[in-house]
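Reviewing the structure listed below.
Lettering of chains follows the sequences in order, A, B, ..., and the numbering in each one begins at 1. Side chains are part of it too, since the values below use all heavy atoms of this structure and drop only hydrogens, waters and symmetry mates.
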Protein chains: 2
Amino acid sequence: MSKILIVENDHKLSNFLEQELQYEGHEVIVANDGINGLTLAREIHPDLILLDRELPKLNGLEVSRRLRLKGDKVAIILLVTKDDIEYRVAGLDAGADDYIVKPFSKEELFNRLKANLRRTTEEDPDQLNFLDLSLNRRTREIKRGDRNIELTATEYDLLEYLISHPRQVLNRDKILEKVWGYDFSGDSNIIEVYVRYLRLKLEANKEKRLIQTVRGVGYVLKE
Amino acid sequence: MSKILIVENDHKLSNFLEQELQYEGHEVIVANDGINGLTLAREIHPDLILLDRELPKLNGLEVSRRLRLKGDKVAIILLVTKDDIEYRVAGLDAGADDYIVKPFSKEELFNRLKANLRRTTEEDPDQLNFLDLSLNRRTREIKRGDRNIELTATEYDLLEYLISHPRQVLNRDKILEKVWGYDFSGDSNIIEVYVRYLRLKLEANKEKRLIQTVRGVGYVLKE
DNA sequence: TTCTACAATCAAAATTTTACTCATAACTAA
DNA sequence: TTAGTTATGAGTAAAATTTTGATTGTAGAA
């Protein structure tokens with residue numbers, strides 16, 4: 001999940017981009033002129049900017065150039081038209097990392113996006129996230145939104161197992177095996193009790209339930 | 001080898017495409033207007049549709065939109081002319097995955113084709129689909145179109161058995177054996193009852209019946 | 001050492017949901 | 001029309017899950 005700023009004054013295009021990127025799980029902010037774009041870029045520090053070359057008030061090249069002047073290293077993809085050929089080199093010169101020629105296909109957009117995001121946002125393999133819930137294997141820190149949560153050893157193991165298999169239904173036997181190390185299922189309700197402990201802590205402030213019951217099977221981490 | 005539907009009313013172009021694609025080893029079906037295209041798409045379930053934007057009776061954008069409305073996930077490539085610029089974004093908005101600008105080279109066509117086929121042919125062995133019905137063994141998610149459906153454990157087992165044998169008539173004994181286990185005692189109408197539960201849920205929005213009765217034998221998943 | 005706090009587990013009551021039965025209605029083929 | 005199926009609606013028993021309280025174990029503090 002990345003924070004993406006769209007600077008585009010064609011509403012149809014910016015709406016489309018906003019929807020598609022949000023659907024992919026990104027946080028999207030839209031500006032419709034160069035001045036707004038520049039201001040927002042400096043305020044919210046996005047991971048990537050989709051920047052139209054042609055913009056009211058301040059064109060894309062200028063926006064890019066001014067950000068770089070201040071040392072901003074954000075990934076910038078310039079949106080240019082076929083007739084903008086002469087600006088492509090100028091754009092890279094002005095600090096853009098890449099450009100896409102309008103009109104472009106979804107596939108093209110996602111490819112460029114992924115390539116440019118990878119460069120700037122290296123992922124931490126110890127950091128597991130699911131919606132507003134996060135668990136860090138290195139620090140054993142658990143957060144719901146920005147509320148810190150303290151877990152006991154067993155609670156932690158159970159949550160780690162759940163969050164490393166998001167949306168997958170985990171049955172009782174597997175949970176017992178992974179978290180408690182049993183090879184057989186006794187007739188104890190230990191799983192239920194720990195699910196309850198976790199729910200109490202994860203939902204302490206009336207947040208949405210994330211650990212769902214799948215009757216007759218087990219549990220699943222799901223919205 | 002893939003099943004490709006061409007919806008194009010320019011005979012010269014559609015013949016050319018048909019020949020080239022057949023030569024590449026694909027199964028090709030041709031429709032020459034939007035209505036036919038839509039009908040065929042729903043009947044034969046192609047892997048990919050080459051869809052002209054401008055078509056008699058129903059234009060390409062409408063065809064695309066209507067397929068997506070019913071939850072169809074087929075890959076769609078829109079064929080647009082240089083003058084259709086304003087439709088390109090609209091096309092992606094209407095659910096197309098990609099577009100090609102006419103006229104295009106053979107190479108361009110094959111490239112786009114390959115890219116878009118790869119995306120849809122990547123199969124998830126846990127994902128079972130039948131028409132607009134889908135079941136995921138990992139997440140136990142059931143969908144009809146894009147409507148989520150909640151099933152109980154027994155309902156799920158029954159549907160999983162049905163959807164993993166599409167179009168095959170399953171007799172009562174086999175169903176009892178697979179879903180309830182051999183040792184099920186007594187003669188009861190438990191299968192009828194559960195078929196009814198499933199039908200109620202799968203057809204909650206007046207969708208077409210998928211679980212058909214085969215009198216004297218059992219049931220079959222079929223349109 | 002004992003005490004205390006807390007984690008882990010067990011057990012049982014309370015609650016919710018599901019599985020199944022049964023009686024009867026509706027349908028179908030001969 | 002009728003016999004044999006299949007569909008339906010309602011009711012009940014059973015199962016699964018949640019919740020609560022009690023018990024046991026353990027590590028650190030006093």
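- Near DNA chain C, meaning a heavy atom under 4.0 Å from it, residues 201-223 of chain A has A:Arg215 in order of number.
- Nearest nucleotide to the side chain of A:Trp180, out of C:dT9, C:dC20, D:dT19: C:dT9.
- No engagement by A:Val195 is indicated, since no non-hydrogen atom pair under 4.0 Å with the nucleic acid exists.
- Of the charged side-chain nitrogens involved, at least one lies within less than 4.0 Å of a carboxylate oxygen, so that A:Glu192 and A:Arg172 count as a salt-bridged pair.
- Regarding B:Asn171, its CG atom lies at a distance of 14 Å from the P atom of D:dT5, rounded to whole Å.
- A donor and an acceptor atom never sit less than 3.5 Å apart when one is taken from the side chain of B:Asn189 and the other from the base of D:dT5.
- Taking side-chain N and O atoms only, A:Arg199 has a distance below 4.0 Å to OP1 or OP2 of D:dT18.
- For the pair B:Asp157 CG and C:dC20 P, the computed distance is 11 Å after rounding to whole Å.
- For B:Ile191 and C:dA19, the CD1 to P distance is 15 Å, given to the nearest whole Å.
- For the OP1/OP2 pair of C:dC10 and a distance below 4.0 Å, the side-chain nitrogens and oxygens of A:Ser188 include at least one atom meeting the criterion.
- Using modelled atom types, one side-chain atom of B:Tyr99 and one backbone atom of A:Phe104 make a donor-acceptor pair closer than 3.5 Å.
- Taking 4.0 Å as the cut-off between side-chain N and carboxylate O, B:Asp52 and B:Lys102 count as a salt-bridged pair.
- Using modelled atom types, one side-chain atom of B:Arg147 and one backbone atom of B:Leu202 make a donor-acceptor pair closer than 3.5 Å.
- Between the side chain of A:Tyr197 and the base of D:dT20, no donor-acceptor pair under 3.5 Å is found.
- As rounded to whole Å, 13 Å separates atom P of C:dA26 from atom CZ of B:Arg196.
- Counting to the nearest Å, the P atom of C:dA7 and the OH atom of A:Tyr156 are 16 Å from each other.
- Proximity note for A:Glu192 (side chain, C-beta onward) versus C:dA19, C:dT21, D:dT17: the nearest is D:dT17.
- In this model, the phosphate group of D:dT6 is approached by a side-chain N or O of B:Arg172 to a distance below 4.0 Å at OP1 or OP2.
- Rounded to whole Å, atom P of D:dT6 lies 17 Å from atom CG of B:Leu198.
- Using a cutoff of 4.0 Å between basic side-chain nitrogens and carboxylate oxygens, B:Asp132 and B:Arg144 are scored as salt-bridged.
- Without hydrogens or angle criteria, B:Glu8 side chain to B:Ser14 main chain gives no donor-acceptor distance under 3.5 Å.
- Applying the 4.0 Å criterion to OP1 and OP2 of C:dA7, one finds that A:Thr154 has every side-chain N and O outside that range.
- Closest to the side chain of A:Val193, out of D:dA7, C:dA7, C:dT9, is C:dT9.
- Distances were taken from every side-chain heavy atom of B:Ala153 (C-beta onward) to each of C:dA8, D:dT20, C:dA19; the shortest belongs to C:dA19.
- In this structure, CD1 of A:Ile190 is placed 6 Å from P of C:dC10, rounded to the nearest angstrom.
- Distance alone, capped at 3.5 Å, places no donor-acceptor pair between the A:Lys222 side chain and the A:Gln212 backbone.
- Counting to the nearest Å, the C1' atom of C:dA19 and the CD atom of B:Glu155 are 10 Å from each other.
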- Message: Between A:Glu43 and A:Leu40, does the side chain to side chain contact (heavy atoms under 4.5 Å, CB included) criterion hold? Intermediate values first, please.
- Response: CA-CA 5 Å; A:Glu43 274 173 10; A:Leu40 275 169; 4.2 Å; yes
